[in-house]
Amino acid sequence: MATPAKTKAKTAGAHSTPPTNAPPPRPAGPSTEGETLILPGGETHQQADAPATQLTTNQGVPIADNQNSLKAGARGPVLLQDFILREKIMHFDHERIPERVVHARGSAAHGFFECLESCADVTIADFLQRPGERIPVFTRFSTVAGNKGSADLPRDVRGFAVKFYTQAGNFDLVGNNMPVFFIQDAIKFPDLIHAAKQDPDREFPQAATAHDTFWDFISLTPESMHMIMWAMSDRAIPRSLRMMEGFGVHTFRLINAAGQSTFVKFHWRPKLGSQSVVWDEALKINGADPDFHRRDLWEAIEGRDFPEWEFCLQTFTQEQADGFDFDVLDATKLIPEEDAPLRVVGRMVLDRNPDNFFAETEQVAYCAAHVVPGIDFTNDPLLQGRLFSYQDTQLKRLGGPNFHQIPINQPKCPFHNLQRDGHMQMGAPKGQVNYEPSTLGPDVARESQERGFTTFPNPEAGEQLRVRPESFADHYTQARLFFASQTKPEQDHIIAALVFELSKCVTPRVREAVLSRLIHIDEFLAQSVAEGLGFTGKIVPAAAPILAKDMTPSPMLSLLAKAQPTLEGRKVGALVSDGADDKLLAKLKTAVEAAGARLQIIAPTIYGVTTAGGDLLPADHRIDGGPSVLFDAVAILPSDEGGAQLALEAAAVNFLRDAYGHLKVIAYLPSAGPLFAKGGITEVGPDDDEGLIDLEASSVDDFVATASTGRVWAREPLVRPPPKPLVADPA
């Protein structure tokens, strides 16, 4: 592999846009490796050193800039005439048939959205006007990188897409479970996904970014560093789809009846709170139940434990936007809630599973361009590209222009236009007239200036340029903010995730290039990752147009800092044997269900056990099919004879060992002693670990209360010691 390309750093200058559309000047001197330019926007431009390596369109036209879409001014809208962007995105959209190129692995449900507060002050959007009014929704969750048959719990971003069937048309809020993204311009999306998915020559690894191509791309794309902090955090391995936050990612506009514009970012907050698993647990869940998230969502709805989210608006004015030290059109940035608090205006409840997975979950067609009057776009160049890409993708996946006629995609309100024919036409429009204006058809669809969609008249002026705004060039400040806002366990997990991923890269240059980016975020972070990798050299910082600034940490960016004690929506697993105490199990079931959770029984056979009272207790899982990774807390309640017998079962020993290693609260009886001994959990007693609850000395209620607090983070250094830092911990 070639040695690292030479870099010519260029700091932000006096000009926010170059005076012409000429390509950037090449650095002086010959090169056999190609040169790398860092322009004021902070993006990387690698230069071809010979015609054989010149990037071109499919028509052979040389490309001067593969990093930026063509815009009207640095911060202006993307222009439709950008044939390079359109060709690149269109070819990418059509790469695979029939599954989605990204977000192929999905789960979905029907439900309703209820308006809780009129938003007439900021928008005329019909579904946000009348408190108490409900409209149907269809919501799909998904992983990004994996194929349709991949497992549910890779380390990955999760899609969070909601189709609102409003009385003014369908509104598709197509977002993720993280509020920022890897790239700033849609022209880079094919490159990002190509790098993240399986290597094209070998078609692996599946649903994983732990390989050279992804991290090579990331090392050359510093704008990704904020998102990397999120992707390496516990947000990328959620406990449940019901326990994920959701974000619209981009800055949108809300338009009120007076035509006034207010910027907005959309947020979803789960009623059950946000929760994640730990990495070793995720790996074992994928083996024990690859459909873990899909099954969890389905069973919760079937059990009438309906998932629910608050719908929040984060609004701000143009004046506020101008005062931020970042650009609100940059999708790699978020707005801290301390600067723009969330306004809860509605709730979403999912209360019905699909009748047919293919007809609904697979055929649903979300499109970022599907908005309703009162909601409008901004010039975010990533959003602008999505407005083209989604429609183009659905045309290919679903066979043609009539995909809107598939029942799951049809509006619930009347819709009427003059579009006719086409592949898969399922209607039979009547009449002579398929055009307007017309005097021949009195019932022909016609426009309405009063009720129709109008675009906010934002003044735009600028030269036609391929350029990244200098206001997009700070790639490290918010990444530093995110890392600094995490609790100690969460920081340790980010470090461990980076060590794991980079250890899968076989090319040292890739690992060292990533370290050269991490050092800009946080020295402790970079040095700890280096220690975990066994890298003993000096970390050389990469060129950075803008160095990271310190910001006040935001507790709202941490899952643990804002977590509230709850067991609602969770599962507790009880490992039992013949002779188990049925009265104790009855108390446990009552207490668990009173906390809003479910108790499941794990036994040596699927037919269950005979309790001390002589009753048959059916099992939900056989031991080897019900490992502790499937539960949020566990109880080990064998009889004296059963405890000794279970200690001979590797699956039972692993049940306890994994529960302990995954930091779960464990209730037990002394009869479980042989299991503890066989599992090697002998040096730490209940007095040293608040997560070990002896039910002879404590009550079932004590166990439930402790389990409601979540994992026992104080145990983690005993089972997963973090890398020794090479510098002092700044905390």
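If you're wondering where the values come from, they're calculated on a predicted model, not measured in any experiment.
- In this structure, the side chain of Gln405 engages the main chain of Met426 through a donor-acceptor pair within 3.5 Å.
- Heavy atoms only, all atoms of each residue included: Ala288 and Leu630 are closest at CB-CD2, 4.5 Å.
- By the neighbour-count criterion of 12 heavy atoms within 6.0 Å, atom CD of Gln432 is sparsely surrounded, having that number or fewer from other residues, nucleotides or ligands.
- For the pair Lys265 and Phe252, the cation does not sit on the ring face, since its NZ or CZ is not both under 6.0 Å from the ring centre and inside 45° of the axis.
- A cation-pi arrangement is not found for Arg158 relative to Phe141, the charged atom failing to lie both closer than 6.0 Å to the ring centre and inside a 45° cone about the ring normal.
- Asp632 and Gln275 form a side-chain donor-acceptor contact under 3.5 Å, judged by distance and modelled atom types alone.
- A centroid separation of 6.0 Å or more is found between the aromatic rings of Trp230 and Phe182.
- Across Pro238 and His293, no two heavy atoms sit closer than the pair O-NE2, 2.8 Å.
- Using a cut-off of 4.0 Å between Lys/Arg side-chain N and Asp/Glu carboxylate O, Glu310 and Lys271 are scored as not salt-bridged.
- Taking a 6.0 Å sphere around CZ of Phe358, one finds it holds 12 or fewer heavy atoms contributed by other residues, nucleotides or ligands.
- Across every non-hydrogen atom of Leu297 and Leu241, the tightest pair is CD2-CD1, 4.2 Å.
- Scanning all heavy atoms of the two residues, the minimum distance from Ser69 to Ile187 falls at OG-CB, 3.9 Å.
- Open room surrounds CD on Gln419; 12 or fewer heavy atoms of other groups in view lie less than 6.0 Å from it.
- Residues Thr332 and Asp330 bring a donor and an acceptor atom of their side chains to less than 3.5 Å of each other.
- No side-chain donor-acceptor contact under 3.5 Å links Asn177 to the backbone of Glu245.
- Relative orientation of the Phe127 and Phe311 rings is tilted, given thresholds of 30° and 60° on the angle between their planes.
- Using a distance-only test at 3.5 Å, with no hydrogens or angles considered, no donor-acceptor pair links the side chain of Asp327 to the main chain of Phe472.
- In the model, Gln320 has no side-chain atom that pairs as donor or acceptor with a side-chain atom of Asp339 under 3.5 Å.
- Within the 3.5 Å criterion, the main-chain N or O of Ala145 finds a donor-acceptor partner in the side chain of Asp156.
- Proximity of the aromatic rings of Phe92 and Phe189 is defined here by a centroid distance below 6.0 angstrom, and this criterion is met.
- No more than 12 heavy-atom neighbours from other residues, nucleotides or ligands sit within 6.0 angstrom of CZ on Arg451.
- A distance-only check finds a donor-acceptor pair linking the side chain of Arg140 to the backbone of Thr361 [under 3.5 Å].
- For the pair Ala168 and Pro373, the tightest heavy-atom approach, listed with the atom from each and the gap, is O-CD, 4.1 Å.
- Taking 4.0 Å as the cut-off between side-chain N and carboxylate O, Asp172 and Lys163 count as a salt-bridged pair.
- Here Arg105 pairs with Asp291 in a salt bridge; the nearest charged N to carboxylate O distance falls below 4.0 Å.
- Remark: the Asp322 side chain and the Gln318 side chain contain an N/O donor-acceptor pair separated by less than 3.5 Å.
- Salt bridge annotation for Arg397-Glu362: present, with a cationic side-chain nitrogen under 4.0 angstrom from a carboxylate oxygen.
- Remark: aromatic rings of Phe138 and Phe164 are distant, center separation not under 6.0 Å.
- Between the side chain of Thr393 and the main chain of Ser389, a donor-acceptor pair closer than 3.5 Å is present.
- Ser261 places no side-chain N or O within donor-acceptor distance of the main-chain N or O of Arg253, the cut-off being under 3.5 Å.
- Across Arg242 and Trp309, no two heavy atoms sit closer than the pair CA-CZ2, 3.8 Å.
- Two residues are said to be in side-chain contact when any heavy atoms from C-beta on lie closer than 4.5 Å; Leu382 and Gln184 fail this criterion.
- The backbone N or O of Phe403 sits less than 3.5 Å from a side-chain atom of Asn409, completing a donor-acceptor pair.
- Although no hydrogens or angles enter the test, the distance criterion places a donor-acceptor pair under 3.5 Å between the side chain of Lys562 and the main chain of Met556.
- Under 3.5 Å, the side chains of His110 and Glu360 contain a donor-acceptor pair of N or O atoms.
- Here Asp185 pairs with Lys71 in a salt bridge; the nearest charged N to carboxylate O distance falls below 4.0 Å.
- Using modelled atom types, no side-chain atom of Glu338 and backbone atom of Ser554 make a donor-acceptor pair closer than 3.5 Å.
- Judged by distance alone, the side chains of Gln260 and Asn256 do bring a donor and an acceptor atom under 3.5 Å apart.
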